[in-house]
Protein chains: 2
Amino acid sequence: MDRKIATIQDVAKAAGVSTATVSRTLSKPSVVAAATREAVLNAVAETGYRVNTTASNLRRQRTGSVIVLLPNIANPFFSQILAGLASVLTPAQYGMLIADTQSGPDPDQLLAHYLTSGQADGLVLLDGSLSPDALEHPGRPPVVMACEWMGRDLPSVRVENGRGAAMAVGHFAQLGHRAIGHVTGPRGNVLTEERLRGFREAMVSVGLPLREDWILEGDFSMDSGAAAARVWLAMKDRPTALFFSSDEMAVGFLGAVQRAGIHVPRELSIVGFDNIEIVQHLSPALTTIRQPRTQIGIRAAELLLDMIETGTRTGPSDVIEIEFIRRDSAGPPPVSR
Amino acid sequence: MDRKIATIQDVAKAAGVSTATVSRTLSKPSVVAAATREAVLNAVAETGYRVNTTASNLRRQRTGSVIVLLPNIANPFFSQILAGLASVLTPAQYGMLIADTQSGPDPDQLLAHYLTSGQADGLVLLDGSLSPDALEHPGRPPVVMACEWMGRDLPSVRVENGRGAAMAVGHFAQLGHRAIGHVTGPRGNVLTEERLRGFREAMVSVGLPLREDWILEGDFSMDSGAAAARVWLAMKDRPTALFFSSDEMAVGFLGAVQRAGIHVPRELSIVGFDNIEIVQHLSPALTTIRQPRTQIGIRAAELLLDMIETGTRTGPSDVIEIEFIRRDSAGPPPVSR
DNA sequence: AAAGTTCTTGTAAACGATTTCATTCTTTGT
DNA sequence: ACAAAGAATGAAATCGTTTACAAGAACTTT
């Protein structure tokens, strides 16, 4: 009896109706008469029928899944966004396929592949360093960028990156710092550039000297934060405050300088960006800029679903508010000197 | 011309062959004559044809995706495993669907849903607290457990949890500690129980007193580590060494006690479990037990693919080796007293 | 009571691949 | 030179749905 899985045919037979009626009962119950509806639903329960998504997708000319392209699946920053995406995609009956752009050889090629393969009803891009060329493809599915965005008028969900940098600089200035540096993300990345721009503008706007040798390049990773620490320790003329383009770098930096005997925030103040979960548990707890990552994921998914349903290829962009979180890693500059 | 996406019919027409030949050229090139093969491949390139995965899957009675069930997608511990899974699933042309068991109302129901819905060719379970009842379903797809495992003889990939605990205890004992405590994961979780058992056995085997009030319950999270710190700080008679069932808890604990002015490892030694990326960047760098998480993901995916291809529902289990990583968070016990 | 409407339902044609089976064309062995 | 075996191809069925269209039934409306 339960040998084979029931098809819509079996249900139709059991209920004494046509397959069309079964299908209608399940998708638009309102158009079928109450009596038949009940008969069908009974038959469904009886046979344990589940619609075959593959067949349904084929007929409806959709795939039922959206692909998320991200630079590194193992990065906790992204997993939070994934959680947000999943929370709206799953209820909407869309599967979420995850593809790691770093794992393969050529990220741009991977993007092109997914744009042309017709394997997804939509794409979410979390990697801002992808080249937008492939987006010219005519029949491509809708695409939404989250966090990072590219030149074209691609719908995106982003945060006020520049303002975040300005908040950090403002905080340092107010505490009395005059020697402020910055550790950036990888050059070319939109987030990096945006935050760097915000940093520069804020520095001139508060009237502080902008020293290029106090702008260190990282790549958002903890390792690159630790590397920045070695550079900072080796400087003869050090900034007393550092703004990091990511919390991860701040964490790597903090651990490294602490091991070198530096006390934060007594000898050096630092501020991160993102508010990843761990930083509140550090000692000192990290002052940072909060990005509501789950929220970003949710909005991106909503935008994408809207585009998929309306069949548009463009859409609005959304800017999500950030928040300055004052903790204990930034204090007044050292008095000596 | 490029208006609509090309189907296999278009390719067949362009190459002057039947659709059957096109299909064969693409799946089993060896059975078609060299000349025709070339003609078909040219036609493919010309039309920009991509096989429609949905149609292919329907015909082949498969779904082309495996579902990964995990307790919390935002947990960095799991994302590393996901990366491992993806690295073998993607090349094998399987999509990886991720489902969060914590986000919905009833985890067990979610598992049952995926087991019966026929939406996946296989399942990977990363949540050991799921009840195995649903696995009785007759036509269910193959299932592999990673990290955690359940009573039944389900194929699984796991690590030597008990031995990990023993390594930590051994290390403490060798350093001269006599008062050793343990912070566990949530009760009922297989990992928790296994490590706790290992801890207990190791304690008696090195001949140290096993004090139940020095066994604190956590839930693997940083917050629960911080909570454990408050308990430890409030104790009149404290253990001088603590073994944590997860790095996350160790991190939460470390930050909390450091803020209370405790020096690790001078006043207290700690050892974690997992070796998550961040712990090497802390100050002090955390001594811990490394689980090769990417490796676990890879093996689980390999096992699952094998089961899918051979059509078996059982398979071998695999035990992955762990490694003790000595860093700076464990030292000799304080001399005072 | 005839002519329109409005509701329900069924018939059958897609959707785009894969694969069985039969057919034609080559080889090969004797 | 002829039968048998092998290789390459095509015709058509099939996977399990959804949905355009048609048709019958049940009501209105005049």
Side-chain angles (χ1 to χ4, degrees), chain A residues 3-41 43-44 47-65 93 116-121 139 141 309, chain B residues 3-41 43-44 47-65 93 95 116-121 139 309:
Chain A
R3 266 297 35 107
K4 274 218 141 298
I5 188 162
T7 77
I8 200 172
Q9 312 273 1
D10 303 327
V11 179
K13 202 168 299 168
V17 299
S18 75
T19 62
T21 301
V22 176
S23 177
R24 277 188 289 252
T25 309
L26 265 24
S27 51
K28 307 192 292 250
S30 61
V31 306
V32 13
T36 10
R37 194 189 315 153
E38 198 166 337
V40 170
L41 292 179
V44 166
T47 55
Y49 170 71
R50 318 288 297 255
V51 350
N52 179 319
T53 335
T54 310
S56 169
N57 286 339
L58 173 59
R59 176 58 228 244
R60 294 164 58 200
Q61 296 282 75
R62 50 166 253 162
T63 68
S65 48
Q93 292 277 60
T116 58
S117 69
Q119 289 205 55
D121 297 329
E309 264 147 39
Chain B
R3 264 301 31 108
K4 275 218 140 297
I5 188 164
T7 76
I8 199 171
Q9 312 273 358
D10 302 327
V11 179
K13 204 167 299 167
V17 298
S18 76
T19 61
T21 302
V22 177
S23 176
R24 279 189 287 250
T25 310
L26 267 23
S27 50
K28 306 194 290 252
S30 61
V31 306
V32 17
T36 10
R37 194 189 314 152
E38 198 167 336
V40 169
L41 292 179
V44 166
T47 54
Y49 169 73
R50 318 290 295 258
V51 348
N52 179 318
T53 333
T54 310
S56 169
N57 285 340
L58 172 59
R59 179 57 232 247
R60 293 164 60 200
Q61 297 281 74
R62 50 165 251 161
T63 69
S65 46
Q93 294 277 59
T116 58
S117 70
Q119 289 205 54
D121 297 330
E309 264 147 40

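The sequence lines fix the lettering, A, B, ..., with proteins before strands; numbering per chain opens at 1.
With rounding to the nearest 0.5 angstrom, the CG atom of N52(A) is 10.5 Å from the CD1 atom of I8(A). Considering NZ of K13(A) and OG1 of T7(A), their distance stands at 8.0 Å, rounded to 0.5 Å. Rounding to the nearest 0.5 Å gives a distance of 5.5 Å between CG of D121(B) and CZ of R62(B). In this structure, the separation between NZ on K28(A) and OG on S23(A) is 8.0 Å, given to the nearest 0.5 Å.
Summary of the strand contacts: L58(B) and T21(B) both lie near DNA chain D, and taking for each the nucleotide with the nearest heavy atom, the more 5' one is attributed to T21(B). Residue S18(A) is the one, among S18(A) and N52(B), whose nearest nucleotide of DNA chain C lies closer to the 5' end (criterion: closest heavy atom).
Within the nucleic acid shown, R50(B) comes within 4.0 Å of sugar-phosphate atoms alone, with no base atom in reach, counting heavy atoms only. Contact annotation for T7(A): backbone-only contact, meaning every heavy-atom pair under 4.0 Å involves sugar-phosphate atoms and none involves a base. Counting non-hydrogen atoms under 4.0 angstrom, V17(A) reaches the backbone sugars and phosphates but no base.
Checking side-chain atoms of T47(B) against main-chain N and O of A43(B) turns up a donor-acceptor pair under 3.5 Å.
Think of the region where chain B sits on DNA chain D: with heavy atoms and a 4.0 Å cut, that region ends 5' and 3' at dA8(D) to dG16(D). Counting 5' to 3', DNA chain C first comes under 4.0 angstrom of a heavy atom of chain A and last does so at the ends given by dT8(C) to dG16(C).
Applying the side-chain contact (heavy atoms from CB on, under 4.5 Å) test between L41(A) and each of T36(A), V22(A), L26(A) identifies L26(A) as the sole match. Test D10(B), T25(B), V11(B), V51(B) against V44(B) for side-chain contact (heavy atoms from CB on, under 4.5 Å) and you get one pass: V11(B).
A heavy-atom distance below 4.5 Å is not found between the side chains of T63(B) and N57(B).
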Worked check of side-chain contact (heavy atoms from CB on, under 4.5 Å) between V40(A) and V32(A): CA-CA 10 Å; V40(A) 170; V32(A) 13; 5.9 Å; no

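For P29(B) against R37(B), the heavy-atom pair with the smallest separation is O-NE, 3.3 Å.
Contacts with DNA chain C (heavy atom under 4.0 Å) in residues 29-41 of chain A: V31(A), V32(A), A33(A), T36(A), listed by number.
By the 6.0 Å contact criterion, CD on E38(A) is open, its count of non-hydrogen atoms from other residues, nucleotides or ligands being 12 or less.
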